[in-house]
There are 2 protein chains.
Amino acid sequence: MQSESMDKREKLLQTALELFVKQGFNDTPTSKIAKEAGIATGTLFYFFPTKDELIISLYLKLKGQATESINVALPEVKSTKEVIKTYYEQSLKWSLRNPNEFSFLAQFSNSPYLKKIGADEISAQIAPVLRHFRLAIEEQQVVDIDVNLLYALISNQVFGVNQFLSANKFTKKEQHNIIQDTFFMFWKMIER
Amino acid sequence: MQSESMDKREKLLQTALELFVKQGFNDTPTSKIAKEAGIATGTLFYFFPTKDELIISLYLKLKGQATESINVALPEVKSTKEVIKTYYEQSLKWSLRNPNEFSFLAQFSNSPYLKKIGADEISAQIAPVLRHFRLAIEEQQVVDIDVNLLYALISNQVFGVNQFLSANKFTKKEQHNIIQDTFFMFWKMIER
DNA sequence: GCGTCGACTGACTAAACAGTCACTTAAATT
DNA sequence: AATTTAAGTGACTGTTTAGTCAGTCGACGC
């Protein structure tokens with residue numbers, strides 16, 4: 001039956017995502033998640049021992065999905081500039097394709113829940129990207145700044161542009177142009 | 001006694017800030033806030049009819065403080081570039097001087113609580129800054145982009161640099177240099 | 001056709017919660 | 001001196017919450 005029936009664990013995570021984004025962690029009791037998902041509360045705690053672990057599982061799953069989706073498009077063959085451009089575009093496109101997921105990640109990352117995750121667990125995920133950035137700096141293609149600062153700059157520019165694009169209604173074409181233009185600006189900022 | 005005894009309303013907001021930043025909205029009951037502040041729970045609800053209103057009051061107070069502290073340093077006489085630079089520096093310095101306040105604002109802004117505030121209330125607060133940015137664009141000192149996009153870019157770069165500076169231990173001098181350098185980069189990005 | 005095992009259930013409970021209310025206190029007003 | 005008013009109290013309550021538990025159910029080997 002695995003192929004036909006919805007995996008209940010997944011269904012719970014999916015429902016939790018929607019409710020957390022809409023109502024916040026505070027105002028979404030586990031009972032509501034289970035009810036909305038059409039699953040017994042006992043089942044929720046069968047899969048996730050506590051509400052905190054449900055929230056953290058959801059974060060790790062979504063963070064993993066985003067990272068994977070972005071990294072898949074980063075083949076080694078491209079030039080350094082192309083790698084950074086691809087990272088920028090893919091991050092932005094993922095965030096626009098998955099607004100709920102992105103919103104949840106932002107909410108989680110800016111809450112005290114973030115501290116409940118091991119720092120290594122985070123740095124492990126961004127390590128491959130940092131390697132690319134480090135390379136770009138060593139090749140002297142890019143200004144000589146701390147690689148973590150570079151990472152913070154690009155991430156937060158992606159966040160800002162997402163904010164702007166989400167707050168307005170643009171056509172696909174307009175969106176594409178804004179992404180291109182803002183990357184051009186970003187590159188101007190960091191190129192040596 | 002007003003000058004000697006701590007204003008209880010203020011004391012409650014102050015205590016709430018610390019607990020919200022440390023534990024999140026979820027895990028900070030009103031009873032804990034009152035107890036920690038050494039004030040009866042009834043008094044909390046005397047000043048703030050609901051927990052939500054306490055949270056929103058705190059947000060509005062802090063957002064106002066930040067805005068005021070930044071705007072005070074924006075005299076009209078300066079050149080356009082100086083105005084943007086001052087805005088950048090002041091934002092960053094306020095965030096570094098007030099880490100708890102900044103953390104709370106980030107947590108609030110990325111949570112569903114934000115939607116409980118009128119959009120006008122927010123746009124009213126950033127209006128003066130946007131006027132400056134609009135002027136800079138009209139003067140052709142800066143690339144011709146939507147002023148809201150410019151605002152998003154500068155805000156999020158401030159956020160990113162704050163993240164980087166907070167995550168590391170720098171001397172005042174190093175901090176100052178990083179602020180200068182990143183503004184220089186930012187200006188390179190947006191100058192025409 | 002018996003036993004076990006993992007997925008799943010939902011009524012239940014103990015604790016915690018936001019918010020109430022009858023009351024006190026102290027200062028200002030009349 | 002009497003009265004009103006506003007600030008402040010904390011025990012209390014009805015509700016909600018996260019989490020439990022005794023047990024159902026079908027599958028699958030034996």
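Proteins get letters first, then strands, A, B, ... in listed order; numbering begins at 1 in each.
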Quick one: does any side-chain atom of B:Ser95 pair with a main-chain N or O of B:Leu92 as donor and acceptor, under 3.5 Å?
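Side chain of B:Ser95 to backbone of B:Leu92: a pair is present.
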Quick one: does B:Ser91's side chain have a donor or acceptor within less than 3.5 Å of a partner on B:Tyr87's backbone?
yes
A:Asn26 or A:Gly42, whichever maps to the more 5' nucleotide of DNA chain D:
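By nearest-heavy-atom nucleotide position, the 5'-most residue is A:Asn26.
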Please report the distance, rounded to the nearest Å, between [atom1] in [X] and [atom2] in [N].
X       : N      : atom1 : atom2 : answer
A:Lys32 : D:dA18 : NZ    : P     : 11 Å
A:Asp27 : C:dC17 : CG    : P     : 14 Å
A:Lys35 : D:dT17 : NZ    : C1'   : 14 Å
B:Lys51 : C:dT20 : NZ    : P     : 15 Å
A:Arg9  : C:dT9  : CZ    : C1'   : 19 Å
B:Phe25 : C:dC17 : CZ    : P     : 16 Å
B:Leu19 : C:dA18 : CG    : P     : 12 Å
A:Leu44 : C:dT9  : CG    : P     : 11 Å

When we call it a touch if two heavy atoms are under 4.0 Å apart, what does A:Phe47 touch: a base, just sugar-phosphate, or nothing?
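Sugar-phosphate, no base atom in range.
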Heavy atoms from C-beta onward define the side chain here; which of [options] lies closest to that of [X]?
X       : options               : value
A:Ile39 : C:dT20, C:dT9, D:dG19 : C:dT9
B:Pro29 : C:dT9, C:dA18, C:dG10 : C:dA18
B:Ala40 : D:dG8, D:dT17, D:dG10 : D:dG10
B:Thr43 : D:dG8, C:dT20, D:dG19 : D:dG8

Looking only at side-chain N and O atoms, does B:Lys8 come under 4.0 Å of OP1 or OP2 in D:dT9?
yes
Would you say A:Phe170 and A:Phe164 make side-chain contact, with heavy atoms under 4.5 Å?
yes
Determine whether B:Leu54 and B:Leu13 make a side-chain contact, defined as any pair of heavy atoms from C-beta on separated by less than 4.5 Å.
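A side-chain contact under 4.5 Å exists here.
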Quick one: does B:Thr30 reach the base of C:dA16 with a side-chain donor-acceptor pair under 3.5 Å?
no
So for atom CD, which belongs to A:Glu68, do other residues, nucleotides or ligands contribute more than 12 heavy atoms lying within a distance under 6.0 Å?
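Result for CD/A:Glu68: open.
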